[in-house]
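Reviewing the structure listed below.
For the numbers below, each heavy atom of this structure counts, side chains included, while hydrogens, waters and symmetry mates do not.
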Amino acid sequence: MNEREVLIVTNKGDQTKDIFAYTIEEDKVCVRFKNSERTYEYATQKIKVLTAPTALDASTQNVYYEGIPLRNVQEVLDFGELHKVFFKNQQTQIYDSSLVSIESKNTNSSPIVGLMNYWEDIAQNIKTDEEQEGLLKKQFANMNDVPKDSVLAMYMNKSSITQSEPTTTPVIFPFSFNLSQKQALEQAFVSKVSIIEGPPGTGKTQTILNILANLTVVQCKTVAVVSGNNAAVQNVKDKLHKNGYGFLVASLGNKKNKQAFFENLPQHDVADWQSEIPEEELIRTISELSERLNRLLEIANRKAKHDQKIAAYRLEQKHFHVHHDEQNFEEMQRLFYRRQTPETIIAFLADENLMENRAFRLLQHAKLFFKYGFVDFSKLKKNRLDLITSFQKKYYYSKIAALEKQSNDMKLELEKESFQTLIKKHEFYSATLFKHRLHQKYQDKAAYRGNQQNYKKNISEFVTHFPILLSTTHSLRSCIPEQFLFDYVIVDEASQVDLLTGALAMSCCKQIIIVGDTKQLPQIVDENIQKHLKVTHVEEGYDYFRHSLLSSMLTIYGENIPKVILKEHYRCHPQIIGFCNSQYYDNKLIPFTPQAESDVPIKLHYTAAGNHMQRVTIKGKKGSFNHREIDVVKEEILKELQLQDISNEDIGFTTPYRLQVTEATDKLEEDIEIDTVHKYQGREKPVMIMSTVLDQTRSGKIGKNFVENSCLVNVAVSRAQKQFILVTDHKLFRNSRKDIGNLIRYIEYQTLHEHVIQSELISVFDLLYSEYSKRLNYLHSRIGNQSKYKSENIMWRVMTDIVSEERYKGVYFNMQIYLKDIFRETDGLSDREKKYIQNKASFDFVVYDGINKQPLLAIEVDGFASHRNNPDQMERDRLKTRICEEKKFPLLRLPTTGSNEIEKVRGALDRVLDMDG
């Protein structure tokens, strides 16, 4: 019987290949199968016999099933209500004709066809290890269709991301949790696609473990955990084994891993895991604890943020003390008959700043008296600037005291509610319920009897034993039978998963959880293969050479994709992660790591003047190294660390250059872990040393863009738990406005580095002035009759818009900044210029470096009436200009009678930021 002439379908699917003969009677169909003498009878309603098909020419037509193209089609037979498709790999598949569409290959093909061809083209050309290379080619060649319920089908069609109703089953956290991890779990359970952004040290693995516990045991789902490399999934496996849950896991992937797994199948022993507490009581207790913890977790996060704010004020206070002599606070307090708070001090400074119009002087005095209780106006007149400095200093003490009280109040509330005890109870009851459910499932379950050769044939039984499958992304599809879909796939380190293997993983699941961080290093792809591709154009979001799986999803779906960022940070000292937090994460991270006043978490070591980088140009050994930086590490840094009783095992050395790793390995002690930044991703050390290698030669300057890659610097810094040490050229990065330059300025500011302290331009007191400036702007906005304030309000709005541009990320501005707070030293100035500074002279606006709080540019708004028609003001303007010239401090004047102010401000900012350099 020819299967191209007849189609026979039973409840077990297409039987045509196995049928020897059949007869159709009135109420039944009699069938004889090959290799069997027995005749089977089927009721006519349980068997379908179709004949006389129409053959379609697969060479000239594309075949689609529910909008997804079928690939490798050899022949298509149209049996009316059903289509039978023959594929080139000898497989066949039956499709409902109402869901099949045919189009000529001469028409504009669906973008999905081009996308599939693009991926297969890359798979044919990609150069990796032999096993993976052959595997990728084979998998794409054999991918006949994309399951319509798979994530890949949704992704290729750019279909909307569907949401389901929240589960009524309890959410457990046997591996503990925090607020954002809880939010990530809740989102992942209801969305077909969800993204968990995991910055360094925020507990990505812990989150994955809690997801696995809920999906596999509470919700009885099947889950695959994959990544671009074995190290990431091994971490998950190790944590599960450590806690006694290793028997849930099938570590498959490549042939070697499969063989090792089946040769030593995990065995379960859950005899002691039955709970003495009734399951209903466990669920109720977990629910009650969750309710109580929701509010307390928010308080804990708020307290951690508060503590970081206190640390920022204390650091800024230290800079202020360096700049100003101690003031007599008791004498200052006698100037008021009422006690002042931080808020009233700021308000007083702002109101006092407006006391310029003599006609309203008496009214202003009355306001200061009644509003603030200020009494000694003679002292204010005689020594105004010293008093203002005293107020500023008092502000720090008052503000820090107020913040510490608020932090202590939150601490007492957490202690009163037994926060830490409740967290441990929640973990205990979650683990108890988890183990109890495992006991119910596995206590009477016989050991798995399958093997490497037959497990795919009965995959349903296999996954009841091992509901968690571990693999790399490129091997997952080879671990399961055709058309099988996991309920979930979790992709870890998704920023390093390329689109080729990511597509394979997406073809294997109904829902996907993508865990990664776009601020860390992306996947490495071989761009040289582009010239060999036949398909060269795809939509930007699907570009293999520009996107990882994570960035592709974010590009295609934008704000429509469900996303949670893990905010609570537990790895690095707050000053270490503080750089990454401000530079890369918009200060969204909440450090929970402890810190002490005596800590020295970040250091900067410059090499001596001179060009020390060497470049090897021999073919096959090309690269750059810098022995001087290695010598600094060996002779200075390591000896200092030894004096601190830090063992070599706790020290890591990293660099962007492979040859520097080779040279450092030869020169440094063996037990120091030495590797490139790319290889260090996913690892950590108590102490990390980073060598930048480059110097001021032409080759060194060319290499700056590579070394100052944001993802690379972020990874390097965030590997350090307790101390990060930067070793670099004495000058190359000093004025860079990019990542290493920003890191240098951050370290200098955080450590009150000597040359910061000695600089002509001192650290600015941003926390004080940010509140002061906001208050001034508010007051100015209420004064409607003075054109000066109108123009400054306009410029405030202009500056706000400009510094919000991505180009100027990392700078900010404040208004009405006293010259005495910009220029520490007055050497070189005339007596008249010194007197002018001491007479409450101020800039309208000052732009600052957001990293080290250094002033970069002053802006003056010169109103026509108050300047050109005011000789005294014009003289003050000349004094201010001469002071800036003497101190080499950039000043931009914007007359209100001029034009093109926005471009002038941008031009001035570009010059001070060396945008063109």
Electrostatic pair [X]-[Y], nearest N-O below 4.0 angstrom:
{"X": "R737", "Y": "D849", "answer": "yes"}
{"X": "R546", "Y": "E527", "answer": "no"}
{"X": "D517", "Y": "K204", "answer": "no"}
{"X": "E684", "Y": "K722", "answer": "no"}
{"X": "R683", "Y": "E673", "answer": "yes"}

For this session: Check for a donor-acceptor pair, side chain of E493 on one end and backbone N or O of V233 on the other, with a separation under 3.5 Å.
Result: no
Problem set entry | Y749 six-ring centre to K853 NZ/CZ under 6.0 Å and within 45° of normal | yes
[X]-[Y] side chain donor-acceptor pair, cut-off 3.5 Å:
{"X": "K738", "Y": "N705", "result": "yes"}
{"X": "N301", "Y": "E568", "result": "yes"}
{"X": "S475", "Y": "S478", "result": "no"}

For this session: Could you tell me whether the side chain of R719 reaches within less than 4.5 Å of the side chain of T654, counting heavy atoms only?
Result: no
Seminar exercise, completed: Paired with S624, the side chain to side chain donor-acceptor pair (under 3.5 Å) test is passed by just one of R658, R615, E663, namely R615
Let me check something: any side-chain donor-acceptor pairs from residues 591-599 under 3.5 Å, sequence neighbours excluded? List them with distances.
from : atom 1 : to   : atom 2 : distance (Å)
T593 : OG1    : C572 : O      : 2.4
E597 : OE2    : K318 : NZ     : 3.0
D599 : OD2    : H573 : NE2    : 3.0
D599 : OD2    : A596 : N      : 2.7

Exercise. Mind checking what makes salt bridge (charged side-chain N to carboxylate O under 4.0 Å, His left out) contact with K567, not counting sequence neighbours?
Worked result: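 Listed in chain order: nothing, the list is empty.
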Problem set entry | Of all pairs that satisfy salt bridge (charged side-chain N to carboxylate O under 4.0 Å, His left out), the ones with a partner from residues 231-246, not counting sequence neighbours | none
Problem set entry | Y584, F579, Y746 screened by side-chain contact (heavy atoms from CB on, under 4.5 Å) with V717, the one that passes |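 So, applying the side-chain contact (heavy atoms from CB on, under 4.5 Å) to V717 and each of Y584, F579, Y746, only F579 qualifies.
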For this session: Fit a plane to each ring of F706 and H678, take the angle between them on a 0 to 90° scale, and name the class: parallel (under 30°), tilted (30 to 60°) or perpendicular (over 60°).
Result: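 Rings of F706 and H678: parallel, under 30°.
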